[in-house]
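Input: a single structure, listed below in structure tokens.
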2 protein chains.
Amino acid sequence: MEQNPKPPPSNSASLEKGLALFNLIARDRGQTPLKELAAGLALPRSTLYRLINTLEGTGMITRLEHRRYDIGLPLAEALHGITPAGQLARLCRPALRQLASACGATAHLGVMENDMVTYLVKESATSVPAALSISVENTQLEAYCSGIGKVLLAWLPEAERARYLAGGPFVALTSRTITDPRQLRETLKTVKAEQFARDDGEIAEDLYCLAVPLLTSDQSVSAAISLTFTHAGQKKHDDATYLTRLRACAAKLSRASLATIQS
Amino acid sequence: MEQNPKPPPSNSASLEKGLALFNLIARDRGQTPLKELAAGLALPRSTLYRLINTLEGTGMITRLEHRRYDIGLPLAEALHGITPAGQLARLCRPALRQLASACGATAHLGVMENDMVTYLVKESATSVPAALSISVENTQLEAYCSGIGKVLLAWLPEAERARYLAGGPFVALTSRTITDPRQLRETLKTVKAEQFARDDGEIAEDLYCLAVPLLTSDQSVSAAISLTFTHAGQKKHDDATYLTRLRACAAKLSRASLATIQS
DNA sequence: AAAATTAGTCCCATATAATGGGACTATGGA
DNA sequence: TCCATAGTCCCATTATATGGGACTAATTTT
């Protein structure tokens, strides 16, 4: 019941056990008594406490009353200011920059927040065309009319998507913007089937954009990336070429979000 | 060059090594190439990479380009929303509640932020006397006129304290408020010498308060705790009695902030 | 208040599992 | 294209994590 690629690549079992324990504590935050928490790990008492003590000694966890444990203050200090979104941007930016430069276009990374797309990264090959000033890092845009938005919507759980589609109205930003919920639903179906989204002038007349998801191990989507061109501008190749590059980039980035303690 | 109490209480060496490595990465955030970063740990390459891979496999770290490593996305997600102040409050609250109840008074925990005291915890034995409504959790009060403020000022590095004292004016809140920087400086000297601060009606006529520091292993101060009584109210014992309890509580809480990876 | 249960520590013989030397391959800079 | 260094893999050795169990401390029950 391990992963297919490589059973155990090369690891340190006791480190892994200790981290698994830490992971449990970090998620539980002192709600559950240790015994119950660690039941799943099936560690002998002796070993369990040895690990607990080492974790505590290094500041990863603190012991609170009633046999409960919580994240340690030193760790909280070391990780102060770290947010999932910030970290995602940090980890993905170099690859997006490279993608943008290789394709002579603008690359974006976005996530869904309150039914809007938040752009976390924007990297451009050269100077940004004027039309592209609509997207700014750490600001939001509507989801229904952008490539990234459509990808994120397409991978949403069905219930969520239904709620979103019912929540219109979808204002037309250009003559090509999809404003009919039924048509949007069909489009999203296609997006999911084809594993990419296209925005052909739906957000601004002269913008063309291709987007693909960043899939996690459980096939859910954490974020999406896109390549945007000005129509007038330099779309030198056909969609397939750009999609290949986008997907290569997505695959590379997905690896970063893969890992978590299993079992 | 270990701690005095117990040389190595009982630990898991490989877990410790792994966490020491993680600690370095978490503080460095990909600025330094691995080799240089881990130089101090003196680990053989083989072992170093085994640890790195295990850390990466559990989502603690991510590998980025140019032999650099950063905090992993899964960890960032697990620890999202955790702040040092929040964690400090969380860890200390139970002990302060107990202290308050045992002393029949109100207990506070505060830290210094931008020359003001931020109150992170406020726990009262019974219903809060009206005079005590001045302090509210997560809001700030001036430092120069409160017990906690004076403790925090007293343990500040000399340069910082000088800057603070030069930064007046110190507005009188009652007839007893210390408003003269020179007198305040003397008071702080006494506070440091006696290891506690007293506020006798300096912030509000009928409030009496005793405060002690939460010392970390390096003798710096992260926070201070206090007991506040209404003068009219129930100060049943003399200062010494309350100070003993305050200090016992402080000692207990200090342990929580002690740990960090040592060299 | 005493007895019983459970948490947490300590010790130590054993063998498991981390170690690290070294060969090998990938990567990336020049 | 070459060279240096990063990173992987393998394996014999033994250092080190393991876990049983005795023991103490802290809680809870009666």
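Heavy-atom basis, side chains included; hydrogens, waters and symmetry copies ignored. Residue numbering restarts at 1 for every chain, and letters A, B, ... go by the order of the sequence lines.
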To the nearest 0.5 angstrom, please state how far the OG atom of B/S124 sits from the CG atom of B/L96.
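B/S124 atom OG to B/L96 atom CG measures 11.0 Å (nearest 0.5 Å).
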Between CG on residue B/L43 and CZ on residue B/R50, distance to nearest 0.5 Å
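Nearest 0.5 Å value for the CG-CZ distance: 10.0 Å.
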Quick check on [N]: is either OP1 or OP2 less than 4.0 Å from any side-chain nitrogen or oxygen of [X]?
| X | N | result |
| --- | --- | --- |
| B/S14 | D/dA17 | yes |
| B/K17 | C/dT19 | yes |
| B/H66 | C/dG29 | yes |
| A/R63 | C/dT9 | yes |
| A/N53 | C/dT9 | yes |
| B/Y49 | D/dT8 | no |

Any luck finding a side-chain donor-acceptor pair between A/Q98 and A/R245 under 3.5 Å?
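There is no such pair between these side chains.
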Test item: side-chain donor near acceptor, B/S14 and A/S14, under 3.5 Å
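Yes, A/S14 and B/S14 have a side-chain donor paired with an acceptor closer than 3.5 Å.
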To the nearest Å, how far apart are [X] [atom1] and [N] [atom2]?
| X | N | atom1 | atom2 | answer |
| --- | --- | --- | --- | --- |
| B/I52 | D/dG7 | CD1 | C1' | 11 Å |
| B/E16 | C/dA18 | CD | C1' | 15 Å |
| B/E65 | D/dA6 | CD | P | 16 Å |
| B/L55 | C/dA18 | CG | P | 14 Å |
| B/R68 | D/dG7 | CZ | P | 11 Å |
| A/L21 | D/dT18 | CG | C1' | 16 Å |
| B/L15 | D/dA15 | CG | C1' | 17 Å |
| A/R50 | D/dT16 | CZ | P | 13 Å |

Ignoring hydrogens and geometry beyond distance, is the side chain of A/R45 in donor-acceptor contact with the base of C/dG8 at under 3.5 Å?
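Pair found.
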Nearest-nucleotide comparison on DNA chain C, the residue closer to the 5′ end among A/A13 and A/R67
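Between the two, 5'-proximity favours A/R67.
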C/dT19, D/dG20, D/dC9: which one has an atom nearest the side-chain heavy atoms of B/S46?
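Nearest to the side-chain atoms of B/S46, counting from C-beta on, is D/dC9.
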Testing the basics here: between B/G30 and B/L64, what is the closest heavy-atom pair and its distance to 0.1 Å?
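That closest heavy-atom pairing would be CA-CD1, 4.3 Å.
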